[in-house]
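Structure first, then comments.
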Number of protein chains: 2
Amino acid sequence: MSTGSDFLQLRPAAAPAKGLTTWLVDALRTAIRQGRLPEGARLPSTRVLAADLAVSRGVVVEAYQRLADEGLVGAHTGVGTVVTSLARAPEVRTAVGAPVESGPLRMPLPAPPGIAFDLSPGVPDLSAFPRAAWLRAERAVLDDATAADLGYGDPRGSAPLRRELAGWLGRTRGIRAGADDLLVVGGVAQALALLAQTLRARGVTVAAVEDPGSRGARDQMAHWGLGSVPVRVDGHGMRTDDLAASGADVAVLTPAHQFPTGVVLSPHRRQALLGWAAAAERLVIEDDYDAEHRYDRAPVAALQASAPDRVAYTGSTSKSLAPGMRLGWLIAPAPMRADLIAAKHASDLGNAALPQLVVAHLLATGGYERHLRTVRKRQRQRRDALLSGLRAEFPAVRVEGVAAGLHLLVTLPHLAGRADDTELAARIAAAGVFVHPLSWHRRLPGPPGLVLGYAAEPPDRLHEAGRRIARVVR
Amino acid sequence: MSTGSDFLQLRPAAAPAKGLTTWLVDALRTAIRQGRLPEGARLPSTRVLAADLAVSRGVVVEAYQRLADEGLVGAHTGVGTVVTSLARAPEVRTAVGAPVESGPLRMPLPAPPGIAFDLSPGVPDLSAFPRAAWLRAERAVLDDATAADLGYGDPRGSAPLRRELAGWLGRTRGIRAGADDLLVVGGVAQALALLAQTLRARGVTVAAVEDPGSRGARDQMAHWGLGSVPVRVDGHGMRTDDLAASGADVAVLTPAHQFPTGVVLSPHRRQALLGWAAAAERLVIEDDYDAEHRYDRAPVAALQASAPDRVAYTGSTSKSLAPGMRLGWLIAPAPMRADLIAAKHASDLGNAALPQLVVAHLLATGGYERHLRTVRKRQRQRRDALLSGLRAEFPAVRVEGVAAGLHLLVTLPHLAGRADDTELAARIAAAGVFVHPLSWHRRLPGPPGLVLGYAAEPPDRLHEAGRRIARVVR
């Protein structure tokens with residue numbers, strides 16, 4: 001295999017100054033997809049490729065790691081880094097045999113009145129809303145807006161926002177979509193509503209959902225006639241063997257940071273999931289609800305980046321700006337788009353123009369990214385304060401899902417069989433802290449846990465809340 | 001009958017300084033509804049009541065006229081002003097026998113490229129968007145907003161907006177509703193979508209619509225499975241005899257300023273319509289799309305004011321601020337509300353918070369009303385410029401629907417049988433002016449006409465456009 005500057009004709013000079021790793025990941029991913037790096041192909045060693053590209057070795061190591069996270073390459077002792085198969089058939093082992101259920105509309109669960117600390121998951125840090133930047137952007141937008149910008153617009157959304165989002169999602173999530181492939185919607189909730197309507201019209205009656213998982217998501221779909229079958233989530237994400245046995249042809253997942261467990265879908269499972277989808281023209285709905293909040297390193301690329309024809313990708317500004325924005329996006333496989341646009345048009349003609357133009361301006365000027373950096377730093381401090389409070393009283397506490405998002409999961413192996421998490425959450429509420437027992441988010445039996453949202457409280461209060469929780473749990 | 005200050009215990013001192021007429025209309029309407037003024041009751045003469053209330057006689061004359069417009073009272077020679085019956089049964093004379101049809105989604109029809117003057121109806125004066133007032137209001141909102149204001153909110157809409165709207169619609173449209181009766185929606189289009197979904201779920205399959213009428217409205221409903229049967233509109237509005245013969249139990253109307261003819265639903269027809277609705281638990285959907293633009297005097301009160309249990313009222317900021325706002329309201333009879341709220345929640349969880357709070361602020365501070373006054377003056381000038389252009393070339397031109405709204409109708413009795421309006425509109429387009437032939441908005445046969453929107457062009461250009469149209473038409 002040729003290496004260095006000849007290897008795939010890589011030209012690091014074409015990369016943006018601060019985005020070498022992302023550039024390299026994109027280039028390698030594209031080569032794998034296009035078959036220029038076929039299954040089994042061996043990548044150059046990190047040392048060799050770094051030297052030939054005149055980049056630091058860390059850039060290549062990180063790029064290979066990200067591709068491994070996506071399941072596109074694997075490391076094999078004595079062989080090096082090798083391209084895996086994208087379309088491996090799913091493993092089928094056990095049946096799941098779970099009921100189809102729909103429930104009342106509820107999102108999110110409210111804290112009881114009079115509680116001292118509200119650690120409900122899913123509530124972002126609204127005090128950090130970038131008021132000044134928002135107003136500056138809105139002023140600029142209103143100065144420039146033409147009459148047509150404020151008229152009846154394209155039901156897909158304002159062109160400037162779709163353009164900026166396509167670029168942003170490409171850079172930060174590896175998404176493969178142009179401005180014309182993207183539908184602006186009223187948050188992930190509307191994306192799920194439109195998808196459910198479109199799938200239902202095609203005869204689909206059930207979707208597999210994660211268990212534990214988002215109750216709001218399954219209620220949203222149930223209203224539109226799309227039932228749900230729960231599929232167990234373990235430490236590697238949704239169990240793809242259970243998924244295959246479920247009989248569903250549509251699966252809804254939160255692969256980057258599973259809600260509410262915080263698990264990242266493992267490379268092996270990603271491959272199995274995409275194989276499942278490819279085997280029978282199935283659909284994966286990828287709810288990328290909080291991927292902007294990643295604390296250790298760049299997040300795993302979106303599933304959509306690996307299989308744009310099998311994945312409908314959705315995200316929103318709910319966790320980055322505020323849920324009250326009701327602004328999100330949906331990138332669906334091309335054959336579904338006309339129906340989705342018609343459904344959006346028939347729902348409300350399209351999203352409001354002004355907030356779209358403001359977000360487009362924030363994206364174009366870097367204001368959105370600056371805000372995310374600020375928020376990420378704040379959230380990391382909050383997460384650390386909560387963890388320090390928990391550990392101050394209970395050093396051996398087991399915590400998962402800490403690398404990303406706005407919540408974490410306390411697992412309770414030391415209490416297995418001795419307490420259920422609902423009863424535990426009630427005792428924690430009596431100590432003044434509202435947390436969700438994991439069982440609120442599941443329909444199948446599973447180990448107990450506590451879901452702790454840390455976005456909405458300041459660090460000193462989170463430390464105190466953590467101590468109170470730990471005193472009850474230990 | 002007692003008169004003066006004893007008559008209904010009227011207390012003009014309780015009226016707002018500049019709203020005596022509205023206050024008097026409200027008081028009399030309430031008395032009629034509550035049966036304190038029963039059918040056949042004679043009102044005091046305008047002279048007597050004015051003297052006893054110590055208000056100018058014009059106030060009472062105007063109040064009686066508005067009640068007559070609503071069909072609540074009638075003037076009888078030798079008798080005076082008498083309360084009419086609200087629940088008179090509808091007249092049934094002729095069958096309408098029209099087809100149920102649904103069409104592709106389209107709203108509004110675009111002008112062809114390269115046209116010099118775009119007189120499409122339904123496009124407001126977007127250059128008048130109150131940029132400075134909007135930004136000031138948004139700054140004030142962001143200064144005061146709590147974190148909860150930007151979180152997942154009430155699916156019915158922000159409480160401050162619902163409160164302000166209930167007051168505003170009560171004052172300006174006679175609407176009888178509290179903040180909790182009102183649902184904030186993504187424009188009239190979403191109101192129709194939610195109503196269609198809710199009605200369809202109850203087994204309703206068809207609604208009567210005005211013909212000529214809004215194609216967008218019927219397409220919106222058709223997507224959700226609610227077909228439409230066209231009912232003829234004449235110089236008094238929708239023909240209620242045709243409505244009764246149509247077999248539909250739901251009717252969609254634009255009573256204050258019919259789209260596109262500009263006709264105001266006559267008092268007689270209002271009564272017949274409400275009688276039709278009351279006779280069999282039927283529903284009237286009142287699309288009050290441009291009632292804020294009335295040039296001669298206060299608009300006729302909304303139908304909802306006369307029959308809140310039979311009328312679903314909807315309006316929006318599309319014609320007052322901009323269509324791109326996607327912000328409207330729906331006030332439905334109480335038994336439908338839970339289903340409508342569930343449908344709204346399942347569609348998008350609720351409207352975006354920030355624009356709602358800004359509009360609430362504009363309503364509360366009077367900024368909204370100031371903007372409307374400015375726009376109304378501009379629109380009147382534009383209407384007059386268009387009329388003067390038409391009359392400069394064709395003094396006998398027949399024009400209707402000029403008292404309100406953002407468009408007018410040129411009728412063509414002198415061309416009856418000699419030209420169809422589609423061919424005429426094509427010749428006008430060749431002269432550089434885009435207008436809608438009336439036949440684009442109808443499915444039943446009827447007299448030709450031209451619909452001319454005057455909101456989006458400045459007066460000098462409208463004068464010129466009017467001349468060009470008249471030269472073709474005469």
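Only heavy atoms go into these numbers, but all of them, side chains included; no hydrogens, no water, no symmetry mates. Order of the sequence lines fixes the chain letters, A, B, ..., with proteins taken first and strands second; residue numbering starts at 1 for each chain.
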Atom group of B:Ala145 that falls short of 4.5 Å from chain A, counting heavy atoms:
both
Which atom names give the shortest non-hydrogen contact between B:Gln220 and A:His345, and what distance separates them?
NE2-O, 3.3 Å
Closest non-hydrogen contact found for B:Ser318 with A:Tyr152 is CB-OH, 4.1 Å
Can you see which heavy atom on B:Ala147 is nearest to which on A:Ser127, and at what distance?
CB-N, 4.4 Å
Closest-packed option against chain A by number of heavy-atom pairs under 4.5 Å, given B:Met221, B:Gln190, B:Gln356
B:Gln190
Working to the nearest 0.5 Å, report the span between CG of A:Asp348 and CG of B:Asp348.
6.5 Å
Looking only at B:Ala353, B:Ser347, B:Ala456, the option with the highest number of non-hydrogen pairs under 4.5 Å against chain A is B:Ser347
Scanning both residues in full, the closest heavy-atom pair of A:Ala193 with B:Ala346 reads CB-O, 3.3 Å
Chain B contact via A:Asn351 - side chain, backbone, both or neither, heavy atoms under 4.5 Å
backbone
Neighbour count >12 (heavy atoms, 6.0 Å) for atom CZ, A:Arg139:
no
Under 3.5 Å, side chain of B:Arg326 to main-chain N/O of A:Leu349, donor-acceptor pair present?
no
Could you walk me through whether A:Asp149 and B:Phe129 pass the side-chain contact (heavy atoms from CB on, under 4.5 Å) check?
CA-CA 11 Å; A:Asp149 287 335; B:Phe129 186 86; over 6 Å; no
Using non-hydrogen atoms only, which part of A:Ser158 is less than 4.5 Å away from chain B: side chain, backbone, both, or neither?
neither
Measure the CG-CG distance between B:Leu327 and A:Leu354 for me, rounded to the nearest 0.5 Å.
11.5 Å
Find the distance between CZ (A:Arg131) and CG (B:Leu150) and round it off to the nearest 0.5 Å.
6.0 Å
Most chain B-contacting option - heavy-atom pairs closer than 4.5 Å, from A:Gly328, A:Gly324, A:Gly350:
A:Gly324
